[in-house]
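Chain identifiers are assigned alphabetically (A, B, ...) following the order of the sequence lines, protein sequences preceding nucleic acid strands; residue numbering begins at 1 within each chain.
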2 protein chains.
Amino acid sequence: MSLRMALLGLLTAKGAANGYELTKAFGDTLSHVWSAQHSQVYPELARMAEAGLVTAEDEGPRGRKRYSVTEAGGEELRRWLTEVEPSRTVRNEVALRAFLLPSLGATAAAQLVREEEKFYRQRAEAIAQLRDSLQAPDTPGFGAYAAELGVRLSTAIADWAEWAAGRLESEAGDVREAEPDDREHGTHEA
Amino acid sequence: MSLRMALLGLLTAKGAANGYELTKAFGDTLSHVWSAQHSQVYPELARMAEAGLVTAEDEGPRGRKRYSVTEAGGEELRRWLTEVEPSRTVRNEVALRAFLLPSLGATAAAQLVREEEKFYRQRAEAIAQLRDSLQAPDTPGFGAYAAELGVRLSTAIADWAEWAAGRLESEAGDVREAEPDDREHGTHEA
DNA sequence: CTTCCACATGTCAACATCGACATATCCGTC
DNA sequence: GACGGATATGTCGATGTTGACATGTGGAAG
């Protein structure tokens, strides 16, 4: 249902759009919230039209179809938000990799989380910029709350990575001090 | 591949386990990292055994199978961590609902995020407790880094929800003060 | 000694998602 | 006017995930 709701939300925010524009939104503004390919978007829009949640208006010139939310679609969206219990199942590859870190030596693990830190520091900045650009008086708040959440989540991951890297690096150092033999040749240091 | 790697990690941490125990881990300790049902775990373990990443040791008494990681399995896990680019595709229902918030009136939206705040405040506390219990000197760090990340992420969501609720509540107040007529009975237009 | 629950493993149909394949048009550049 | 890139829509097979169905055992409580 989530993809369907994302599409209803996008169409509500934009007023009307075609599948191509909606797919681009999943690559741009919505990329830190939900992702979908065009191969998922087009069939879903067709199903939604059949269910009466959106209206399809063929117009071209390029065989283009313009979709708009119907009243039933708006109601469905509000019903989902207020009445359907959110799915809390977590499937987070960053967290999974965090769990698996001890499989690696401290040095290699530290290097990995340093890269994570860099990535999420950049992502936080990018979303912050998006959030600030959303202050423009167009769609009333659409995306602003999600962007704020995105900034906070990305920053939290970056901070965690910084903390973890520090811990792992000092662990690597301790090992080297405590056991000054030559068996650390296998994994190079950061 | 993520499920496979999660299983390899769990088996590395535990030394050896059967499918039932591994499934339970996805419901308990790993639930804030990755989730999976037994209907996914059993076939995957069979495929992993066939691929030589784990060894299956039938022993019963209840037709029970004990799995252990092979050397090839350990190598595969380290290879995945260090050489395979992490998938950064985000599919976050909390964030999606955040994006959709403006579809609702400020009052209803504020109520929703207050519930989110409560939920994630509790989750943060639960994971913090798990993290502290992991300080025991058993498995060397397995789970501790992931738990720390879980605490930070849950806290970040709760903080965001508190901030959003405050904003939405003041917005609801402003509307009532600024427009003392009765047209806020329905759902106002987006 | 029966009944119930936790243990334990599996299959299957339905749905979600991905990446590749397929097609065609509009438009600006060379 | 040929060519390429962005626009635009679709299908399809493979894989990931869920929830329901199916089956049987060991042990503890009554």
Nearest-angstrom distance from the residue atom CG of B:Leu45 to P of C:dT9: 9 Å
Of B:Thr89 and B:Tyr42, the one whose closest DNA chain C nucleotide lies more 5': B:Tyr42
N/O donor-acceptor pair, side chain B:Ser39 with base C:dG10, under 3.5 angstrom: no
Atom pair distance, as rounded to whole Å: CD in B:Glu57 and C1' in C:dA8: 16 Å
Gap between atoms CG and P, on A:Leu7 and C:dT17 respectively (whole Å): 11 Å
Over all atoms of both residues, closest heavy-atom pair of B:Leu153 and A:Ala156: CD2-CB, 4.3 Å
Atom-pair distance (CZ on B:Arg66; P on C:dC7), nearest Å: 14 Å
N/O (side chain, B:Tyr20) to phosphate O (OP1/OP2, C:dC7) under 4.0 Å: yes
Separation of C:dA16 C1' from B:Leu96 CG (nearest whole Å): 15 Å
Near-ring test A:Phe99/B:Phe142, centroid separation under 6.0 angstrom: yes
A:Arg152 charged N/C atom sitting above B:Trp163 aromatic ring, 6.0 Å / 45°: yes
Given DNA chain D, 5'-ward residue of the pair B:His38 and A:Gln40, judged by closest heavy atom: A:Gln40
A:Glu93 and A:Arg97 ion-paired at < 4.0 Å: yes
Atom CD of A:Glu44 with >12 non-hydrogen neighbours under 6.0 angstrom: yes
Nearest listed nucleotide, side chain of A:Lys65, among D:dT17, D:dT9, C:dC18: D:dT9
Between P of C:dC7 and CZ of B:Arg64, the distance in whole Å: 11 Å
Whole angstrom value for the distance that separates P of C:dG10 from CD of B:Glu44: 13 Å
Residue whose closest nucleotide on DNA chain C lies nearer the 5' end, B:Lys24 versus B:Tyr67: B:Lys24
Between D:dT17 (P) and A:Asn92 (CG): distance, integer Å: 13 Å
